[in-house]
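Note sheet for the following structure.
We name chains A, B, ... by the order of the sequence lines, and we start the count at 1 in each one.
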Amino acid sequence: MIAGALLPRAFYRRPVEAVAMDLLGQRLVRDEVVLRITEVEAYGGPEDSASHARHGQTARNEVMWGPGGHAYLYLCYGLHWMLNISTGESGEAAAILIRAAEVEAGLDTVLGRRRVRASRDLLAGPGRVAQGLGLDRAFDGHPLFGPGGLELREGVRPDRVRALPRVGIGFAAAADRERPWRFLDPDASSLSAPRP
DNA sequence: CACAGGATCGTT
DNA sequence: ACGATCCTGTGT
């Protein structure tokens, strides 16, 4: 599998929703595993009541406040690690949650980590994506413009992009719940619930 | 120091 | 529909 060039730092230093749309079709690479990103969600700074940055800077969300292009890993419900990518300039909080992906290479490694049979749901959900890549707290703050470790490389952009409200943020203000910051490739086989 | 609840998943 | 499982953020 030939993965494309590493995405440069400048790719991440743009408004979070623009980077989020442009992440669709790009490739997450770790060793022999290559994933194609099919679904993401954008999260902003203190003005976004759905974001981890809504209460300002904390030890957990520190990476969101740094320069774009770094992995932000956090534990959800005490069980699942979530992979996010920071965006923007240092001092602005923003990150993109990777919600679904498809395996382009390294299927055996991914199956071993997930401990399930192959199906279109193998990496359909943010906890599944991080588990398939073998990520946890050790990757918090890891640069993605590499080379080495976890990388983001150029892939094939989808023909279409669909924008929908974000998932699992019932606690947020109405305006933020309705914000269409969930972006997905409607032609992809791997999409998280609720499927469009 | 205590406590409530969460950007989910897998099974029932 | 529900329980797992633990860390974070907030308040006292």
Within the structure shown, what part of the strands sits under 4.0 Å from A:Leu75 by heavy-atom distance: base, sugar-phosphate, or nothing?
sugar-phosphate
In Watson-Crick or G-U wobble terms, with both distances under 3.5 Å, the base opposite B:dG10 is C:dC2
Atom CZ of A:Arg177 and atom P of B:dA7 are separated, to the nearest Å, by 14 Å
Here the distance between atom P of C:dG9 and atom CD of A:Gln57, to the nearest Å, is 11 Å
Separation of B:dC9 atom P from A:Leu123 atom CG, nearest Å, is 11 Å
Please determine if a side-chain N or O atom of A:Arg114 lies less than 4.0 Å away from the OP1 or OP2 oxygen of B:dG10. yes
Rounded to whole Å, the CZ-P distance (A:Phe171 to B:dT8) equals 9 Å
Check: A:Glu89 main-chain N/O paired with A:Glu92 side-chain donor or acceptor under 3.5 Å: yes
Atom CD of A:Glu62 and atom C1' of C:dC7 are separated, to the nearest Å, by 16 Å
Fill in: Touch class at under 4.0 angstrom, heavy-atom based, for A:Arg115 against every strand present
nothing
| message | Within the 4.0 Å heavy-atom criterion, would you say A:Arg166 contacts the bases, only the backbone, or no part of the nucleic acid? | response | nothing
Here the distance between atom P of B:dA7 and atom OH of A:Tyr77, to the nearest Å, is 6 Å
Could you tell me whether A:Tyr43 and A:His52 have their ring centroids closer than 6.0 angstrom? no
* When you check the phosphate oxygens OP1 and OP2 of C:dG9, does a side-chain N or O of A:Thr58 lie under 4.0 Å from one of them? -> yes
Of A:Arg137 and A:His80, the one whose closest nucleotide on DNA chain C sits nearer the 5' end is A:His80
As its Watson-Crick or G-U partner within any shown strand, both distances under 3.5 Å, C:dC7 has B:dG5
**Study point:** Modelled atom types, side-chain donor and acceptor of A:Arg120 and A:Ser190, under 3.5 Å
**Key:** no
- Message: With the six-membered base ring of B:dA7 as reference, does the ring of A:Tyr43 sit under 5.5 Å away with planes under 30° apart?
- Response: yes
Do any side-chain nitrogens or oxygens of A:Arg54 fall under 4.0 Å of OP1 or OP2 in C:dG9?
no
Nearest-nucleotide check on DNA chain C, A:Leu79 vs A:His55; residue mapping nearer the 5' end is A:Leu79
- Task: Would you please indicate yes or no on a ring centroid separation below 6.0 angstrom for A:His70 and A:Tyr12?
- Result: no
request  = State yes or no: do A:Leu107 and A:Val33 share one hydrophobic cluster built from I, L, V, M, F, W and Y residues joined by side-chain heavy-atom distances below 4.5 Å, directly or via other members?
outcome  = yes
For a quick test of reading the model: is some side-chain N or O of A:Arg99 closer than 4.0 Å to OP1 or OP2 of B:dA7? no
Would you mind checking if A:Asp48 and A:Arg54 are paired as a salt bridge, meaning a charged N to carboxylate O distance below 4.0 Å?
no
Rounded to whole Å, CD of A:Glu41 lies from C1' of B:dT8 at a distance of 12 Å
Here the distance between atom C1' of B:dG6 and atom NE2 of A:His52, to the nearest Å, is 8 Å
**OP:** Return yes if the base of B:dA7 and the side-chain atoms of A:Tyr74 contain a donor-acceptor N/O pair under 3.5 Å, otherwise no.
**Re:** yes
